[in-house]
Every structure is written in C-alpha cells, then in structure tokens.
*Asks:* 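I am attaching a structure below and will ask some questions about it afterwards.
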Amino acid sequence: MADKKPILEVKNLSMTFQNKGKRGKKSVVKAIDNVSFEIYPGEIFGLVGESGCGKTTTGRTIIRLYDPTGGEMYYNGRCISGKMTNELRRFLTDNIAMIFQDPVSSLNPRMTIQEIIGEGLEIRGIDNEAIRNNLIAEILEKVGLQREHATRYPHEFSGGQRQRIGIARALVVKPSMIIADEPVSALDVSIQAQVINLLQEIKEHMELTILFIAHDLSVVKYFSDRIGVMYFGKLVEVAPSDMLFEHPIHPYTRSLLSAIPQPDPISERKRKHIYYDPNMHDYSVQSPAMQEILPGHFVYASDSEAKMYREELEKGVI
C-alpha cells in the first residue's frame, strides 16, 4: 500500500456524547477516543471489537450522521470533518454510501422497494422516471433479486432479501466507498455466506472500497484485506488480515481470537480462553501510541511494551 494514496484518512478522530442521568447530572461518554487509520482504494478494511467499543459510531461519524467532536477526516484529500454545508453533504452522498445493520428497521415499511432504492437517484436529480426505474431494475438483478420485486413492500421479503435491498439502495448511486455496518449480524449463517459472497462480487465488479464493521472475527478474516481492532473507543491494533491472525500482538486481540469457537469438538474442549484485563497496562510513566511492531503491523503500546512485544515475537512467544 506504500505506493498508493489513501482514499480515506482518519486522524485523531474523537466522538463524545453527553448523557443526562438521574437528578439532572450530566456525564460524558467517549465513544471514539483519538482514533487514526487509513483505507486505500479497492481495499476492504475490517473494523472489529466487542459490542459498544465504538465501531458503528466510527462508521456513522465518517459518513457524518454524527458530527465529530475532535480530529480530522479526509476523503480523496478533501476534508470532510468540517462544518456541514449543502456542498459537503452532496460530496459525501456522491462518494460514500452506508449499508445498515438491521435490514428490518432500515427500510421504510410504507414505501415500495422502487421508492426506497430510487430515493437516492431522485436526490441526485434523475427526474426521468423511465431512466430511474431502469437503474433500479438493473441494481435489483445485480444483488440477486428480480425486477418484479420493485413494486413490493419490505414486509414481503425475508431478512436476507431485505439486506440485499439495503445493499441495492447503497449501490444504485454508484459510490466509490461503502460503509457496511455489521451487514450480516442479523441473518442466519447460511444467508450470511450469501450476502458476504455478494458483497465480494460487487466489490470486484464495481471496484469499490469497503469499510466492513463486524464483531464476527471469522467473517472479517475471510472478507478483509486489513483489520483494525477497537477496544473501549480506541484502536489497539491494525494489521493485514493474515498477519493479525498468525501473530496477534495486543493482549485484547489475543483475547478476542481465543474466543472464536472451533469446529472440531476435540480442539474446542482443549481451547483456553485468554481474559484481557486493561489494568495490566501501566501508562503512568510512558504514554501509549500506535507503534509499528512488524512491517505494516501497528499496536497501541508504550515504548517499553513495544520493546517487549518485539522480544516476544523473536522468541516465538506470540
């Protein structure tokens, strides 16, 4: 990736929310805390972590469903984290689209599939109904549905079909990047494979860049080129997919990987789960930062921790 320019640059991104608790007391929740990463053209970048770690908030902030409280974001060299204007909104909607997690609640039950998918085309000024309907029919067929489905309503489809409709809605505007927010987590296992294969085919056909947000590490390993691991609002490890699974370095990443169920019942019984205790880190003397432990493999660590990780790698401990 060194010879390529990133299509998306996220620098020190922060997102905080204010909660009003009992007796009117306000508390601040840091959903994203100083997160930085890059995504390159044509790449699938997986973002993983447990529920509540800030993955979805990161995706929603990039597409500006949330206004960031700190940091900067650049898309093809243009800053997209500044004040939202009509021109910036148009730039974002022309370049980035989002596939939402829940295929049921993300589709308006009072609109036909034709209206749902065609909404983005209308916003972009395609007023000719015949052209619009033809584009809708083409994208429906591309995601494995039929032209006749356009006149139906969301409740007439299965969960997998609804997610295909959500994918069609995102792709019909021909974006250069897709943010896929856990697009298969609400689906049966057999349907998950179909949707993942569909995304892979469309990605290659349309030369898409994808930010793939998920908590299922098995799916992310199969689908992603590089993976970023989040914990409690922070990015703790970024590495190529194969490297992350072969040499997980951060203790939290090792804990996540140890929790993946094994298909072999014998190895599953012998599997030992690694528990991660965030108190194991002492940052009172040295402040942590993302450090390159192996080429292209970055870990959130202090200088002393980075030295220890390199020594453990040389000894074959990790």
Side-chain angles (χ1 to χ4, degrees), residues 6-10 13 15 31-32 35 37 39 41-49 51 53-68 73-76 78 80-81 84 88-108 111 113 115-124 135-136 139-140 142-143 154 159-187 192 195-196 198-200 202-203 206-216 219-220 223-224 228 230:
I7 191 171
L8 176 72
E9 295 177 86
V10 176
L13 184 65
M15 185 68 221
I32 312 173
V35 166
F37 61 90
I39 301 178
E43 180 183 34
I44 301 176
F45 185 85
L47 196 58
V48 301
S51 296
C53 71
K55 309 183 300 294
T56 294
T57 303
T58 300
R60 286 173 173 260
T61 305
I62 290 170
I63 205 169
R64 293 302 301 271
L65 292 177
Y66 300 140
D67 290 330
M73 300 181 293
Y74 295 88
Y75 190 83
N76 275 333
R78 170 172 177 167
I80 58 171
S81 52
M84 181 58 75
L88 177 56
R89 184 177 289 107
R90 181 60 184 263
F91 176 81
L92 287 169
T93 54
D94 282 347
N95 288 281
I96 309 175
M98 191 162 189
I99 301 169
F100 295 94
Q101 178 177 355
D102 190 345
V104 178
S105 63
S106 64
L107 303 178
N108 190 329
M111 296 173 69
I113 303 310
E115 291 169 335
I116 290 170
I117 297 175
E119 196 172 23
L121 297 173
E122 284 188 61
I123 292 170
R124 282 159 183 77
L135 290 171
I136 293 167
I139 200 66
L140 282 173
K142 193 168 286 185
V143 299
Q161 288 175 318
R162 290 178 190 178
Q163 194 59 286
R164 287 171 185 265
I165 293 165
I167 294 170
R169 176 177 58 184
L171 294 177
V172 75
V173 296
K174 297 181 179 178
S176 52
M177 180 174 173
I178 291 284
I179 298 175
D181 181 17
E182 304 211 33
V184 297
S185 63
L187 306 177
Q192 286 183 11
V195 173
I196 289 295
L198 171 65
L199 283 171
Q200 184 73 55
I202 291 173
K203 181 256 180 187
M206 299 182 69
E207 298 181 349
L208 284 172
T209 302
I210 300 178
L211 170 58
F212 187 75
I213 299 168
H215 63 265
D216 189 332
V219 172
V220 174
F223 192 57
S224 303
M230 286 192 75

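FYI, the numbering just counts along the sequence from 1. In what follows, every heavy atom counts, from backbone to side chain, and hydrogens, waters and symmetry copies are set aside. These numbers come from a predicted model, not from an experiment.
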*Asks:* Do Glu119 and Met111 have side chains that get closer than 4.5 Å, going by heavy atoms?
*Replies:* yes

*Asks:* Considering all heavy atoms of both residues, which atom of Leu199 and which atom of Phe212 are nearest to each other, and what is their separation?
*Replies:* CD1-CE1, 4.4 Å

*Asks:* Given Leu47, which partner from the list Val35, Val220, Thr58 fulfils the side chain to side chain contact (heavy atoms under 4.5 Å, CB included) test?
*Replies:*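 Only one of Val35, Val220, Thr58 forms a side chain to side chain contact (heavy atoms under 4.5 Å, CB included) with Leu47, namely Thr58.
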
*Asks:* Atom CD1 in Ile167, atom CD1 in Ile99: separation rounded to 0.5 Å?
*Replies:*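 Here the rounded value is 4.5 Å.
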
*Asks:* Would you check if Leu211 and Met177 make a side-chain contact, meaning some heavy-atom pair closer than 4.5 Å?
*Replies:*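 Side chain of Leu211 against side chain of Met177, heavy atoms only: contact under 4.5 Å found.
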
*Asks:* Which heavy-atom pair separates Thr209 from Ile7 by the least distance, and what is that distance?
*Replies:*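 Heavy atoms only, the tightest pair is CG2-CG2, 3.9 Å.
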
*Asks:* Using 0.5 Å steps for rounding, measure from the CD1 atom of Ile165 to the CG atom of Leu140.
*Replies:*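 Result: 7.5 Å between the selected atoms.
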
*Asks:* Do the non-hydrogen side-chain atoms of Ile96 and Pro175 ever get within less than 4.5 Å of each other?
*Replies:*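 No - every pair of side-chain heavy atoms lies 4.5 Å or more apart.
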
*Asks:* Please test Arg162 against Val104 for side chain to side chain contact (heavy atoms under 4.5 Å, CB included), starting from the C-alpha separation and ending with a verdict.
*Replies:* CA-CA 7 Å; Arg162 290 178 190 178; Val104 178; 3.0 Å; yes

*Asks:* Rounded at 0.5 Å granularity, tell me how far OG1 in Thr61 sits from CD1 in Ile32.
*Replies:*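 Answer rounded to 0.5 Å: 4.0 Å.
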
*Asks:* Would you say that Leu92 contacts Met84 through its side chain, given a criterion of any heavy-atom pair below 4.5 Å between the two side chains?
*Replies:*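 Yes. Closest side-chain heavy atoms under 4.5 Å.
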
*Asks:* Taking Gln101 for the side chain and Ser185 for the main chain, is one N or O donor matched with an acceptor at less than 3.5 Å?
*Replies:* no

*Asks:* Within a strict 4.5 Å, meaning less than it, do heavy atoms of the Leu8 and Ile62 side chains meet?
*Replies:*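 A side-chain contact under 4.5 Å exists here.
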
*Asks:* Go through the steps to decide whether Leu171 and Lys142 satisfy the test side chain to side chain contact (heavy atoms under 4.5 Å, CB included), and finish with yes or no.
*Replies:* CA-CA 10 Å; Leu171 294 177; Lys142 193 168 286 185; 5.7 Å; no

*Asks:* At what distance, to the nearest 0.5 angstrom, does CD of Glu122 lie from CD of Glu115?
*Replies:*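 Going from CD on Glu122 over to CD on Glu115, the span is 8.5 Å.
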
*Asks:* OH of Tyr74 to CG of Asn76: how many Å apart, nearest 0.5 Å?
*Replies:* 14.0 Å

*Asks:* List in chain and number order the residues that pass side-chain contact (heavy atoms from CB on, under 4.5 Å) with Ser106, two or more places apart in sequence or in another chain; answer none if no residue qualifies.
*Replies:*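 So Ser106 forms a side-chain contact (heavy atoms from CB on, under 4.5 Å) with Phe100, Arg169.
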
*Asks:* Please give me the minimum heavy-atom distance between Lys55 and Ile213, naming the atom from each residue.
*Replies:* CB-CG2, 3.4 Å

*Asks:* Can you give me the closest heavy-atom contact between Ile116 and Asn108, atom names plus distance?
*Replies:* CD1-O, 3.7 Å

*Asks:* Minimum heavy-atom separation for Arg64 and Leu88, please, with both atom names.
*Replies:*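 So the minimum-distance heavy-atom pair works out to NH1-CD2, 3.9 Å.
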
*Asks:* What residue pairs, at least two apart or across chains, pass salt bridge (Lys or Arg N to Asp or Glu O under 4.0 Å) with a residue in residues 94-105?
*Replies:*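 As it turns out, the salt bridge (Lys or Arg N to Asp or Glu O under 4.0 Å) pairs with a partner in residues 94-105, which skip direct neighbours, are Arg90-Asp94, Asp94-Arg124.
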
*Asks:* Please report the interatomic distance CE(Met73) to CD1(Ile80), rounded to the nearest 0.5 Å.
*Replies:* 4.5 Å

*Asks:* With a 4.5 Å heavy-atom cut-off, do Pro154 and Ile113 have their side chains touching?
*Replies:*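 Answer yes - side chains close enough.
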
*Asks:* Ignoring hydrogens and angles, state whether a donor on the side chain of Glu182 or Thr56 is under 3.5 Å from an acceptor on the partner side chain.
*Replies:*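 There is no such pair (donor and acceptor under 3.5 Å, judged by atom type) between the side chains of Glu182 and Thr56.
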
*Asks:* On the 0 to 90° scale, with breaks at 30° and 60°, tag the Phe37-Phe45 ring pair as parallel, tilted or perpendicular.
*Replies:* parallel

*Asks:* Please report the closest heavy-atom contact between Leu121 and Val173, naming both atoms and the distance.
*Replies:* N-CG1, 4.4 Å

